[in-house]
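Nothing here was measured: the structure is a model prediction, and the numbers come from that model. Values reported hereafter were calculated over all heavy atoms of this structure, with side chains retained and with hydrogens, waters and symmetry mates removed.
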Amino acid sequence: MNEDLIKKLLIAIGENPEREGLKNTPKRVVKSWETIFGGYKQDPNKVLETKFNVDCNEMVISKNIEFYSTCEHHMLPFFGKCHIGYIPKAEVVGLSKLSRLLEVYARRLQIQERLTNQIADGLMDGVNPLGVGVILEAKHFCMVCRGVEKKDSTMVTSAIRGIFQNPTIKSEFQTLIK
């Protein structure tokens, strides 16, 4: 990322990048974008490399995982909670790995629908469980501060894979994340 690009952006919106309050803004923006878009430098397969052999065939859930992402259409934030569940075959991953997998994909330009599917597919590919369920609930600034300006709207997306497509298991997952 280049600080000169941020200076040009400031000029394009009618600001003076040499103004006292903006002199260091390009440097700060570059530094913040390294975090906000840090998912591009991470490999989701690496996140799930460490697995543990466990005799467990019951549902494993991590719920209410907060996340922050950026809408690829307007480059505005969206944020909310993610619930990830899976039923292992023979291996489990550490609990933090589910949050890390979410972060890899959330820290990229995104749409919520793709993000939800990437998490589910990443867990299916990386752990090979019997099934996966992922639900994201998010507020989108593109809906809140521009366009239709609906501040209380929440978007919910889900991705269900494998055995989670069974209505009983899907219902158990939905009940447990409430």
Side-chain angles (χ1 to χ4, degrees), residues 1-49 61-86 93 95-127 132-161 177:
M1 179 53 58
N2 186 316
E3 291 179 29
D4 290 331
L5 293 173
I6 305 304
K7 286 181 183 178
K8 289 177 182 176
L9 176 64
L10 290 170
I11 291 167
I13 64 170
E15 267 295 353
N16 174 5
E18 299 305 318
R19 180 169 62 82
E20 184 178 334
L22 295 177
K23 283 183 182 176
N24 290 318
T25 295
K27 184 183 300 183
R28 288 190 294 264
V29 169
V30 167
K31 186 174 181 178
S32 74
W33 281 10
E34 287 172 356
T35 299
I36 291 170
F37 301 116
Y40 290 111
K41 294 180 179 176
Q42 296 179 338
D43 180 353
N45 296 316
K46 293 252 187 238
V47 170
L48 299 174
E49 275 184 343
I61 297 174
S62 182
K63 68 180 193 175
N64 296 321
I65 310 166
E66 67 181 38
F67 75 92
Y68 304 89
S69 194
T70 305
C71 165
E72 70 181 34
H73 298 140
H74 304 99
M75 290 190 71
L76 290 171
F78 67 95
F79 61 94
K81 295 184 289 185
C82 178
H83 316 286
I84 303 171
Y86 71 104
V93 293
L95 182 60
S96 70
K97 304 306 183 201
L98 300 177
S99 295
R100 291 181 193 283
L101 182 65
L102 163 64
E103 285 297 302
V104 168
Y105 292 119
R107 298 296 182 160
R108 300 174 180 189
L109 289 175
Q110 277 292 6
I111 61 171
Q112 185 172 330
E113 298 90 338
R114 181 187 316 113
L115 175 58
T116 308
N117 283 307
Q118 286 175 326
I119 297 162
D121 293 339
L123 192 54
M124 284 296 288
D125 294 343
V127 183
V132 169
V134 177
I135 296 176
L136 266 69
E137 306 169 41
K139 288 199 170 288
H140 291 249
F141 267 42
C142 58
M143 286 280 291
V144 172
C145 67
R146 58 156 306 280
V148 296
E149 297 182 21
K150 301 299 179 196
K151 66 181 173 91
D152 290 326
S153 66
T154 301
M155 182 174 175
V156 179
T157 52
S158 69
I160 305 298
R161 306 287 188 269
I177 65 167

Could you measure the distance from the [atom1] atom of [X] to the [atom2] atom of [Y]? Nearest 0.5 Å is fine.
{"X": "R100", "Y": "I65", "atom1": "CZ", "atom2": "CD1", "value": "12.0 Å"}
{"X": "I119", "Y": "L123", "atom1": "CD1", "atom2": "CG", "value": "9.5 Å"}
{"X": "E113", "Y": "S158", "atom1": "CD", "atom2": "OG", "value": "11.0 Å"}
{"X": "H73", "Y": "M75", "atom1": "NE2", "atom2": "CE", "value": "12.5 Å"}
{"X": "L136", "Y": "F67", "atom1": "CG", "atom2": "CZ", "value": "4.0 Å"}
{"X": "E18", "Y": "L10", "atom1": "CD", "atom2": "CG", "value": "10.0 Å"}

Heavy-atom side-chain contact between [X] and [Y] under 4.5 Å:
{"X": "Y105", "Y": "D121", "answer": "no"}
{"X": "Q110", "Y": "Q118", "answer": "yes"}
{"X": "H83", "Y": "V134", "answer": "no"}
{"X": "K41", "Y": "R107", "answer": "no"}

- Check: E103/Q42 side-chain N/O donor and acceptor closer than 3.5 Å: no
- Is the closest side-chain donor-acceptor distance between T157 and Q112 under 3.5 Å? yes
Taking all heavy atoms of [X] and all of [Y], pick out the closest pair and write down the distance.
{"X": "L98", "Y": "S62", "value": "CD1-CB, 3.8 Å"}
{"X": "L22", "Y": "N16", "value": "CD1-O, 3.4 Å"}
{"X": "L102", "Y": "C82", "value": "CD2-CB, 3.8 Å"}
{"X": "V104", "Y": "R108", "value": "O-NE, 3.2 Å"}
{"X": "N64", "Y": "K81", "value": "OD1-CD, 3.4 Å"}
{"X": "C71", "Y": "L109", "value": "O-CD2, 4.2 Å"}

- Query: So, are E34 and K31 salt-bridged, with charged N and O less than 4.0 Å apart?
  - Reply: no
- Item | E3 side chain to V30 backbone, donor-acceptor under 3.5 Å | no
- Item | Y40 and F37 aromatic ring geometry - parallel, tilted or perpendicular at 30°/60° bounds | tilted
- Task: Please work out which of the three classes, parallel, tilted or perpendicular, describes the rings of H140 and F78, given edges at 30° and 60°.
- Result: parallel
- side-chain contact (heavy atoms from CB on, under 4.5 Å) evaluation trace for E49 with K97: CA-CA 9 Å; E49 275 184 343; K97 304 306 183 201; over 6 Å; no
- Message: Tell me whether the count of non-hydrogen atoms from other residues, nucleotides or ligands lying under 6.0 Å of CD in E66 goes above 12.
- Response: no
